[in-house]
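A short write-up of the structure that comes next.
The chains referred to below are lettered A, B, ... by the order of the sequence lines, with proteins before strands, and numbering in each begins at 1.
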There are 2 protein chains.
Amino acid sequence: MSAADSPLALGIDYGTGSGRVLVLDLADGRELAAVDVPYPHGVIEDALPGSGQPLAHDWALQHPLDYLEVIERGIPAALADAGVDGQRVVGIGIDVTSCTVLPTTADGTPLCLIERWAARPHAWPKLWKHHAAQQQADLLTELAQERGEPFLARYGGRISSEWYFPKLLQIHAEDREVYDAASRFIEATDWIVWQLVGDEQRCSCAVSYKAFWSADSGLPPASYFEAAATGFSSAAQKLGSAFLPLGARAGMLRPELAQRLGLGRVAVAVGNVDSFVSVPGAGVAQPGTLVTVVGTSICDMVVHPEQILLPGITGVVRDGILPGLYGYEAGQPAVGDMLGWYVGQLLGVDAGARSRRHDELEAQAGALAPGSTGLVALNWWNGNRSILADADLSGVIAGLTLATTPAEIYRALLESIAFAARRIVENFADSGLVIDRLVACGGIAEKSPVLMQLFADITGRSIHVPASTQIPARGSAMFGAVAAGVFGDINHAAAALAPEVRRSYAPDRAASTTYDRVYAVYRGLHDTLGRDHVDWLHALKALRRA
Amino acid sequence: MSAADSPLALGIDYGTGSGRVLVLDLADGRELAAVDVPYPHGVIEDALPGSGQPLAHDWALQHPLDYLEVIERGIPAALADAGVDGQRVVGIGIDVTSCTVLPTTADGTPLCLIERWAARPHAWPKLWKHHAAQQQADLLTELAQERGEPFLARYGGRISSEWYFPKLLQIHAEDREVYDAASRFIEATDWIVWQLVGDEQRCSCAVSYKAFWSADSGLPPASYFEAAATGFSSAAQKLGSAFLPLGARAGMLRPELAQRLGLGRVAVAVGNVDSFVSVPGAGVAQPGTLVTVVGTSICDMVVHPEQILLPGITGVVRDGILPGLYGYEAGQPAVGDMLGWYVGQLLGVDAGARSRRHDELEAQAGALAPGSTGLVALNWWNGNRSILADADLSGVIAGLTLATTPAEIYRALLESIAFAARRIVENFADSGLVIDRLVACGGIAEKSPVLMQLFADITGRSIHVPASTQIPARGSAMFGAVAAGVFGDINHAAAALAPEVRRSYAPDRAASTTYDRVYAVYRGLHDTLGRDHVDWLHALKALRRA
């Protein structure tokens with residue numbers, strides 16, 4: 001198979017601020033081009049587009065047309081950049097942030113695009129990091145505990161406000177008309193696939209991780225939802241009932257769309273979730289390796305042959321990441337976001353100079369010795385996902401003195417990310433799921449060797465960064481190739497198309513010993529402020545909201 | 001008595017960074033002129049002048065000639081500014097930071113000015129905020145507890161590293177030659193008076209508050225000091241044994257110095273401590289009023305007719321502030337210093353623009369509603385004096401989110417100062433010493449109406465700021481007037497020369513209610529990190545030092 005006529009797959013990775021289209025050569029795994037298309041409306045946090053309707057605290061929405069813009073502009077641009085004939089494309093796979101969910105009519109029209117609903121905040125897609133449904137998440141957790149719902153154990157014992165049913169319950173409580181008008185509440189990933197193939201074809205992945213569904217036992221009973229709010233069992237119907245497994249083909253790209261984009265007959269994989277595609281995308285197909293996607297936030301994934309119901313994870317799903325294995329998800333909700341806040345918001349660096357300032361702080365922080373800052377931070381700027389699943393926690397910096405420098409705080413923030421990773425790894429180990437090594441991808445894994453070395457020193461495990469800046473899109477392209485029949489399953493695709501290793505980091509023994517001492521303090525603060533006296537940070541958050 | 005021939009007094013207030021000379025008209029209490037003389041060497045923290053000998057972490061020294069510069073330059077300048085004849089000056093009083101202590105020969109020559117010792121860090125004056133003697137402070141506290149030394153109860157049960165014997169024990173441990181060569185270890189205030197009058201005349205105030213002496217029982221026994229280190233009982237001899245009471249005359253100004261400065265026959269009061277002179281300086285002579293001097297740090301003082309031995313104060317001394325009453329001292333070691341760190345060090349504002357940036361942040365912070373920041377801070381940037389007396393604590397900010405603004409943090413830092421004040425007031429009240437109102441003076445009391453309103457709202461007490469920017473120097477001038485015999489005692493001087501009220505602040509009921517909720521969180525963090533789990537911040541400080 002020569003490079004000139006080998007089959008290609010497109011992977012589209014929808015992140016928080018932009019979508020990236022990758023052209024992958026299925027003969028040799030070369031990334032021929034990648035095009036980033038920023039969302040014109042970005043993250044909508046202050047006011048609705050058009051109406052200017054203001055949004056409350058903790059809201060985060062998106063515009064559905066921004067997703068289509070990535071296809072219409074990104075695919076032709078990527079093919080042109082790669083200098084390839086679009087007819088060689090055999091498959092497309094997509095992945096999207098999750099749980100990002102929107103209300104639509106029966107034909108898939110987003111309510112927010114209908115004039116009647118356009119000024120209603122609840123008619124818009126709720127982005128994964130919409131955190132205004134904490135009250136609903138707490139209620140659903142309490143009810144599941146009281147009723148002894150068995151599903152709860154698969155989600156670490158606590159329901160996140162980021163998930164499907166808390167977000168719907170908020171709509172049900174706050175705007176019943178929108179709730180009733182919505183024939184569907186659908187994950188953005190499934191909605192985009194619907195636009196690509198012309199049919200509603202939902203994937204089992206998102207519904208398993210974010211909506212309590214399992215292939216064995218389906219959804220929780222209607223009585224559970226009715227206990228939350230009278231009439232709320234209808235939410236289950238709005239979710240649909242047929243879910244295709246990962247690696248399945250959702251259908252073929254609509255011919256008129258294919259023609260407009262310069263493509264031929266293209267298989268489209270069922271929708272996927274941005275973090276999960278990174279596991280095969282990084283070439284990982286075995287248990288014992290934690291894949292950590294380090295960007296705006298962190299998503300951690302690991303597969304394991306057995307189901308272990310452990311606290312503090314955000315989901316365990318059979319076949320959820322790779323077929324034949326249980327997929328476990330954990331994460332940290334503010335990583336790049338926190339560093340960006342520090343440089344842009346607190347230090348007040350102009351947008352144009354921020355990248356250079358990050359580089360300076362990274363260099364200065366990297367020159368500091370372990371423990372020398374005298375600082376420890378809890379990186380809860382956007383709450384805590386693992387292992388506490390509590391969006392009402394907030395960030396802490398301890399150890400400040402009159403001699404503390406901006407670079408020391410930057411290092412403490414980086415360390416806090418690695419301490420949180422250690423807490424997650426230890427939580428797995430406490431339940432018998434042993435992690436031997438880490439694979440890191442995502443923008444910050446590329447940009448911050450200091451953070452990667454901290455991961456190694458603080459977790460005591462080696463870590464490597466694959467030689468690709470497009471790991472999720474690469475994983476999605478692999479799923480596109482599987483949907484097209486080029487590979488028998490995703491494991492074969494991952495093995496054939498695994499990226500090279502760009503850089504490996506081994507723990508430094510002396511640094512690890514020092515960090516054990518700092519970690520003891522981190523752990524004390526973590527457990528005190530996150531558990532024993534969780535009412536303190538909750539009270540501050542409540543006062544801020546009031 | 002006409003203004004043209006009324007008697008005048010000079011008050012000299014030696015702060016951390018400069019000395020201020022005030023000319024006070026004793027007929028009507030008018031401040032005729034005030035001149036600020038910055039110390040040429042400032043606070044010496046990195047390396048010794050001359051030799052460049054580097055200093056370890058937590059050191060803070062000063063140059064003794066800087067103190068004389070204030071006299072030589074400041075007095076003639078102040079007289080010239082006031083446009084008065086120096087012959088009208090009848091008395092001088094001085095106050096200095098404490099415990100600021102220096103080793104001298106028997107004739108009062110500072111060791112650091114002798115070539116043989118000039119490159120030895122321990123030969124230099126240790127400024128009050130030299131914090132490198134924490135280990136010695138801890139040892140002296142433990143020994144006093146074990147031995148049941150009764151003096152300990154007068155100092156809140158804990159010995160501060162800022163005090164006399166911890167500083168001397170550090171010298172004894174780390175540079176025995178300097179220790180042995182020092183005939184005297186003398187408070188800077190007493191050393192300056194020595195230079196003025198030509199005789200060693202020590203005041204009872206500093207030795208009572210900082211060196212465990214009392215008029216009733218003298219010093220702790222030699223066996224206590226020997227238990228700390230063999231030979232260390234000699235420290236007591238180096239302190240001297242005759243101490244003059246507050247309000248006494250140390251002597252007359254040396255004639256050759258008087259002539260050089262344009263003065264005539266001038267009585268010099270015994271040396272005093274910068275915070276204590278603020279009580280009469282503010283016109284306060286009665287129990288129940290807390291005088292809080294808000295500057296680089298905070299010193300709190302209150303007088304009471306009875307001796308109450310309560311935890312967490314930094315000293316209770318009969319006649320220590322006003323004759324016939326017990327004087328109580330408490331404080332916060334980083335106030336203006338912390339705000340300065342935030343703007344200068346963290347936000348990186350250029351020196352020339354800092355004052356404007358403080359004003360902007362003050363205005364923005366003042367516009368925020370109570371509780372709206374979602375933040376709470378422990379202002380332990382320089383350790384905690386009251387009520388924990390622990391220099392190894394460090395600062396904490398909790399409640400940070402991606403939406404937190406620089407002005408919100410500034411407000412949280414201001415609030416943390418007022419929360420600490422409430423903790424101190426409550427600590428007094430718990431032992432039956434009830435404080436009804438506050439009087440605030442010092443640079444930040446003038447500059448920050450927002451902080452003053454927070455003091456009122458958070459402590460639930462009214463507070464006023466006197467109409468003088470020179471309260472300590474005013475108090476010292478009053479003592480100079482008493483030394484000259486113009487008034488019978490300091491109480492009469494305080495009554496006759498009390499400054500007007502510039503501005504009063506009353507608690508806002510709604511704000512107080514909200515702050516009660518934030519204070520509950522503050523109190524939880526304070527007690528957890530400052531007591532129950534004090535090992536956490538201590539471990540961070542130890543790692544920073546290592």
Separation of [Y] [atom2] from [X] [atom1] (nearest 0.5 Å):
{"X": "T401(B)", "Y": "L540(A)", "atom1": "OG1", "atom2": "CG", "result": "11.0 Å"}
{"X": "L537(A)", "Y": "L525(B)", "atom1": "CG", "atom2": "CG", "result": "7.5 Å"}
{"X": "H533(B)", "Y": "T528(A)", "atom1": "NE2", "atom2": "OG1", "result": "5.0 Å"}
{"X": "L402(B)", "Y": "S394(A)", "atom1": "CG", "atom2": "OG", "result": "11.0 Å"}
{"X": "L393(A)", "Y": "L400(B)", "atom1": "CG", "atom2": "CG", "result": "13.0 Å"}

- [ ] Could you look at A403(B) and say if it's the side chain, the backbone, both or neither that has a heavy atom under 4.5 Å from chain A?
- [x]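 Contact with chain A involves both backbone and side-chain atoms of A403(B).
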Where does [X] contact chain B at under 4.5 Å (heavy atoms): side chain, backbone, both or neither?
{"X": "L346(A)", "answer": "both"}
{"X": "W341(A)", "answer": "side chain"}
{"X": "L375(A)", "answer": "backbone"}
{"X": "T404(A)", "answer": "both"}
{"X": "S372(A)", "answer": "backbone"}
{"X": "A377(A)", "answer": "neither"}
{"X": "L529(A)", "answer": "side chain"}
{"X": "Y342(A)", "answer": "side chain"}
{"X": "E45(A)", "answer": "neither"}

- [ ] Give a yes or no on this: more than 12 heavy atoms of other residues, nucleotides or ligands lie within 6.0 Å of atom CD of Q135(B).
- [x]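 Open.
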Open item on the list: So does P406(A) get a backbone contact from the side chain of Q345(B), meaning a donor-acceptor N/O pair under 3.5 Å?
Closed with: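 No, the answer is negative, given that no donor and acceptor are paired below the 3.5 Å cut-off.
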